[in-house]
Every structure is written in C-alpha cells, then in structure tokens.
2 protein chains.
Amino acid sequence: MTPPKAPHSAESCGSPTDFSESVGQRLRHRGVTPTRQRLEIASELLREPVHLSADEVHARVRKAGANVSRATVYNTLSLLVERGLIRQVVVDPGKVFYDSNIAPHHHFYDTDAGELIDIALDDVAVTGLPELPADKQLDGIDVIVRVSSRQ
Amino acid sequence: MTPPKAPHSAESCGSPTDFSESVGQRLRHRGVTPTRQRLEIASELLREPVHLSADEVHARVRKAGANVSRATVYNTLSLLVERGLIRQVVVDPGKVFYDSNIAPHHHFYDTDAGELIDIALDDVAVTGLPELPADKQLDGIDVIVRVSSRQ
DNA sequence: GTGCTTGCAAATGCTTTGCACAAAA
DNA sequence: TTTTGTGCAAAGCATTTGCAAGCAC
C-alpha cells in the first residue's frame with residue numbers, strides 16, 4: 001500500500017502492543033490516569049490480543065468482580081481508542097469490536113459466527129490506491145473480508 | 001417482507017448497474033414489486049451513482065413530493081440491498097451509506113466531510129489473502145481508506 | 001483541596017416492529 | 001378477492017450525556 005505520514009488507526013498506529021508491560025504503565029504512557037475501573041477495563045483487553053464488543057467488555061469486567069457501569073465502559077473504550085491503545089473495528093451497523101492488537105493488520109469477519117479473525121499484514125498488500133489530495137491525511141486502511149458458512 | 005442482514009458486498013454482486021434502464025424494469029427483474037413508494041426511493045439511488053444515508057434518501061424522496069414514511073424507506077433499502085440492486089457501506093457505528101454503484105469497488109471515507117468517494121477497482125488490488133476454510137464462502141471484501149482534513 | 005472520574009438514569013439517534021388501512025395482482 | 005405493501009407510532013438497541021457524589025494526585 002501507500003505508507004505516508006499518519007498517526008492512529010488501521011495501518012499506522014503507535015508502537016505495537018507489548019502485552020508483557022504493566023497495564024498501568026501503558027495507560028500512563030499515553031496520558032490516561034489509571035483509575036481502578038480503567039485498569040479493570042484495560043486489563044480485559046491488554047492482557048492478550050482479543051476482539052470484544054463493548055458489552056462483552058462490560059460483562060467480563062463485572063464477572064471479574066468489579067462494579068463498573070456501562071457508561072464508564074463506553075467512555076473508557078473511546079478514550080483507549082483515542083489514545084491509540086486499542087482499535088475500533090466496525091463490521092456492521094451496531095456491531096463494533098474493540099481490538100487490542102494495534103499492529104497493522106486486517107480482518108476476516110464471519111457473519112454467521114459473528115466472529116472476527118486477524119489477517120497478518122505481511123500476508124496482505126493493498127496496491128494501486130490513488131494519491132490523496134494534498135490537504136488530506138491518511139488515517140488508516142480497513143480491509144474486512146466477509147465470509148459465511150457455505151450452504 | 002423479509003429484511004435480513006446484508007449479504008451482498010464489495011467483490012460479489014449482481015451485474016453492474018445500467019443507469020439507463022428504467023427503474024421499474026430493474027425492480028421487476030429482481031422480483032421487487034414496483035410500487036409508487038419504491039419507485040420514488042429507488043429512483044433517488046438508481047438514477048445515477050450516489051452515496052446516501054437512509055435519512056438522506058428519506059429527505060430527498062419527501063422533497064420530491066412523495067409522502068413516504070421512514071419505515072418504508074428502511075424496509076425498501078433493506079430489500080434493495082438484499083436483491084443486489086444497491087450496496088450497503090458501513091463506515092462508522094451508526095453511519096451507513098447506500099451505494100448505487102454495485103460494480104466492485106472500494107472507498108475513501110473523509111471523516112471530516114462525512115463523505116464517501118469511490119475508488120475504481122482496477123486501480124486497487126488486494127493480494128496475499130490467506131485461503132478460506134473449506135466450509136466458508138467469500139461474501140465480499142470491503143476496503144475503506146479513512147482520510148481527514150486536519151493535520 | 002482541586003479537578004478529573006464515576007455511576008446512575010434519562011436522553012439520544014438510528015432502525016425495526018405491530019397493526020389497521022390501502023394498493024397490487 | 002387474496003395477497004402484499006404502507007404509514008404511523010411505539011418499541012428496541014447501542015451509545016452518549018448531565019449531574020451529584022467519589023477518587024486520584
């Protein structure tokens with residue numbers, strides 16, 4: 001593809017996730033005050049690469065014993081996306097995944113299973129994109145390969 | 001009528017749109033009864049290649065003098081997508097475009113303008129996709145190149 | 001203490017549904 | 001006439017917001 005200057009999102013993002021670094025550290029490094037709720041939420045995502053919906057995050061956090069409201073989950077997820085700690089993947093209207101793998105990559109989306117599967121970027125190339133107008137900046141390239149179970 | 005999840009998309013679709021053929025004909029060919037409301041709705045899309053949200057379609061149809069409810073617009077758009085006459089493009093949660101260009105192609109999405117711009121497919125190639133599991137079928141490939149105006 | 005965070009519930013925005021009426025075949 | 005489509009208003013979801021009370025530093 002075409003890799004110009006660009007900050008957050010699909011192709012360009014911060015440094016790839018180091019899943020061994022402490023969650024609190026990673027939040028601080030991005031200027032996010034590590035409150036108890038944020039640590040709980042971020043831990044569900046940053047402990048290992050996952051694809052979760054906001055509601056799944058909420059459910060997991062509560063299951064883990066923390067009393068966190070939906071509003072806080074949504075606010076925190078937005079914050080983490082904004083700060084480049086996780087990535088948002090929209091596959092359908094009202095179907096949003098939060099992806100803790102921020103290394104550049106793409107996705108299979110299995111419509112039947114409702115499941116997202118990573119495609120490593122070094123497998124895939126998108127070539128021949130027209131140049132951008134001078135006043136635009138590239139924010140990212142999302143490639144979603146939609147699949148379903150054969151009938 | 002039965003408005004299920006959108007099947008058609010990027011790579012796989014019906015025959016490319018012939019914008020010169022009558023809208024009524026095109027509906028009939030796909031087994032869609034051409035009622036007055038459907039003709040109004042379909043005309044806004046099938047007259048020329050456009051990217052419209054459901055609400056924009058509703059506004060245009062009403063502006064054109066027809067008394068069509070939101071429900072009918074939504075039902076009809078789902079039907080047209082299901083029958084492969086138009087295509088649904090999801091760029092953000094709650095931001096869905098209906099695209100009357102069903103020839104395989106991809107998109108720029110300008111976050112600031114909220115505008116979708118076609119990228120002709122012959123310019124772009126996506127290579128190196130892993131093979132699909134045998135029991136899966138490919139429904140389509142969506143490539144969305146996100147751009148913005150701010151620095 | 002000061003200012004950012006949280007929870008709750010209410011509000012929002014978009015989309016779907018139920019049902020009586022109207023139009024098509 | 002029998003089937004199919006339409007309008008309206010109400011219901012549904014996922015997400016956001018306003019504000020008082022609570023934490024972090």
Side-chain angles (χ1 to χ4, degrees), chain A residues 22-25 27-44 51-62 64-83 85-86 88-98 114, chain B residues 1-6 23-25 27-28 30-44 51-62 64-83 85-86 88-98 114:
Chain A
S22 110
V23 172
Q25 292 256 315
L27 294 183
R28 275 190 207 286
H29 285 165
R30 302 292 179 116
V32 178
T33 305
T35 65
R36 190 166 14 81
Q37 291 88 338
R38 285 174 177 174
L39 283 168
E40 290 284 353
I41 293 166
S43 292
E44 290 302 328
H51 300 125
L52 298 173
S53 68
D55 226 48
E56 284 167 342
V57 173
H58 187 228
R60 290 193 180 201
V61 167
R62 303 206 76 136
N67 185 33
V68 179
S69 72
R70 249 188 201 79
T72 298
V73 170
Y74 278 108
N75 290 337
T76 302
L77 289 174
S78 298
L79 185 61
L80 296 181
V81 169
E82 187 197 323
R83 300 302 168 90
L85 283 157
I86 61 177
Q88 202 177 39
V89 184
V90 186
V91 294
D92 263 327
K95 189 86 184 159
V96 179
F97 287 99
Y98 293 89
Chain B
M1 109 191 63
T2 329
K5 63 210 164 154
V23 172
Q25 293 254 317
L27 294 182
R28 274 191 206 288
R30 303 292 180 115
V32 178
T33 305
T35 64
R36 191 167 359 87
Q37 290 86 340
R38 285 174 178 175
L39 282 168
E40 290 284 354
I41 293 165
S43 291
E44 291 301 329
H51 301 124
L52 298 174
S53 69
D55 226 48
E56 284 167 343
V57 172
H58 186 230
R60 289 191 181 202
V61 167
R62 303 206 77 136
N67 186 32
V68 178
S69 73
R70 240 182 265 280
T72 298
V73 169
Y74 277 108
N75 289 337
T76 301
L77 289 174
S78 298
L79 185 61
L80 297 181
V81 169
E82 186 197 326
R83 300 304 167 87
L85 282 157
I86 60 177
Q88 204 178 37
V89 183
V90 186
V91 294
D92 264 327
K95 190 88 185 159
V96 179
F97 287 99
Y98 293 90

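Because the structure is a prediction, the values reported are computed rather than measured. Letters A, B, ... are given to chains in the order of the sequence lines, protein chains preceding strands, and every chain is numbered from 1.
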Among [options], the one nearest [X] by side-chain distance:
| X | options | value |
| --- | --- | --- |
| B:Thr33 | D:dT16, C:dA25, C:dT5 | C:dA25 |
| A:Tyr74 | C:dT6, D:dT16, D:dC8 | D:dT16 |
| A:Pro34 | D:dC8, D:dT17, D:dC25 | D:dC25 |
| A:Ser69 | D:dG5, D:dC25, C:dC8 | C:dC8 |
| A:Thr76 | D:dT15, D:dC8, C:dT6 | C:dT6 |

What is the distance, to the nearest angstrom, from the [atom1] atom on [X] to the [atom2] atom on [N]?
| X | N | atom1 | atom2 | result |
| --- | --- | --- | --- | --- |
| A:Glu40 | C:dT5 | CD | P | 17 Å |
| A:Leu27 | C:dT5 | CG | C1' | 14 Å |
| A:Asp92 | D:dC13 | CG | P | 17 Å |
| A:Glu82 | D:dT16 | CD | P | 12 Å |
| B:Asn75 | C:dC19 | CG | C1' | 14 Å |
| A:Arg70 | D:dT17 | CZ | P | 17 Å |
| B:Leu77 | C:dC14 | CG | P | 14 Å |
| A:Leu39 | C:dT5 | CG | C1' | 13 Å |

Quiz prompt | For B:Tyr74 against B:Ala54, the heavy-atom pair lying closest together | solution =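 Minimum heavy-atom contact is CE2-CB, 3.5 Å.
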Examine [N]: is either OP1 or OP2 under 4.0 Å from a nitrogen or oxygen in the side chain of [X]? Give yes or no.
| X | N | value |
| --- | --- | --- |
| A:Arg38 | C:dT5 | yes |
| B:Arg36 | C:dA23 | no |
| A:Gln37 | C:dG7 | yes |
| A:Ser53 | D:dA14 | no |
| A:Thr72 | C:dG7 | yes |
| A:Arg28 | D:dC25 | yes |
| A:Thr35 | C:dT6 | yes |

Quiz item: Is there side-chain contact between A:Leu27 and A:Leu85, with at least one heavy-atom pair below 4.5 Å?
Solution: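 In short, these two side chains touch, coming nearer than 4.5 Å.
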Quiz prompt | Upstream residue (5' side of DNA chain C) when A:Ala71 and B:Gly94 are each assigned their closest nucleotide | solution =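 Its nearest nucleotide lies further toward 5', so the answer is A:Ala71.
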Exercise. Mind checking A:Asp55 for me? I need base, sugar-phosphate or nothing, with any heavy atom below 4.0 Å counting as a touch.
Key: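 The answer is nothing, as A:Asp55 stays clear of every strand by at least 4.0 Å.
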Quiz item: Do you know which of A:Thr35, A:Ile41, A:Asn67 makes side chain to side chain contact (heavy atoms under 4.5 Å, CB included) with A:Thr72?
Solution: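 Single pass found, and it is A:Ile41.
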Quiz item: 5'-most contact on DNA chain D: B:Pro93 or B:Val68, nearest heavy atom basis?
Solution: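 The residue mapped nearer the 5' terminus is B:Val68.
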Exercise. Ignoring hydrogens and angles, tell me if any N or O in the side chain of A:Arg70 forms a donor-acceptor pair with the backbone of A:His58 under 3.5 Å.
Key: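 No.
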Practice problem: Without swapping roles, check the side chain of A:Gln25 against the backbone of A:Ser22 for a donor-acceptor pair under 3.5 Å. | Solution: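 Pair absent, no side-chain N/O of A:Gln25 close to backbone of A:Ser22.
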Quiz item: To the nearest 0.5 Å, what is the distance between OG (B:Ser53) and OH (B:Tyr98)?
Solution: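 If we round to the nearest 0.5 Å, B:Ser53:OG and B:Tyr98:OH are 9.0 Å apart.
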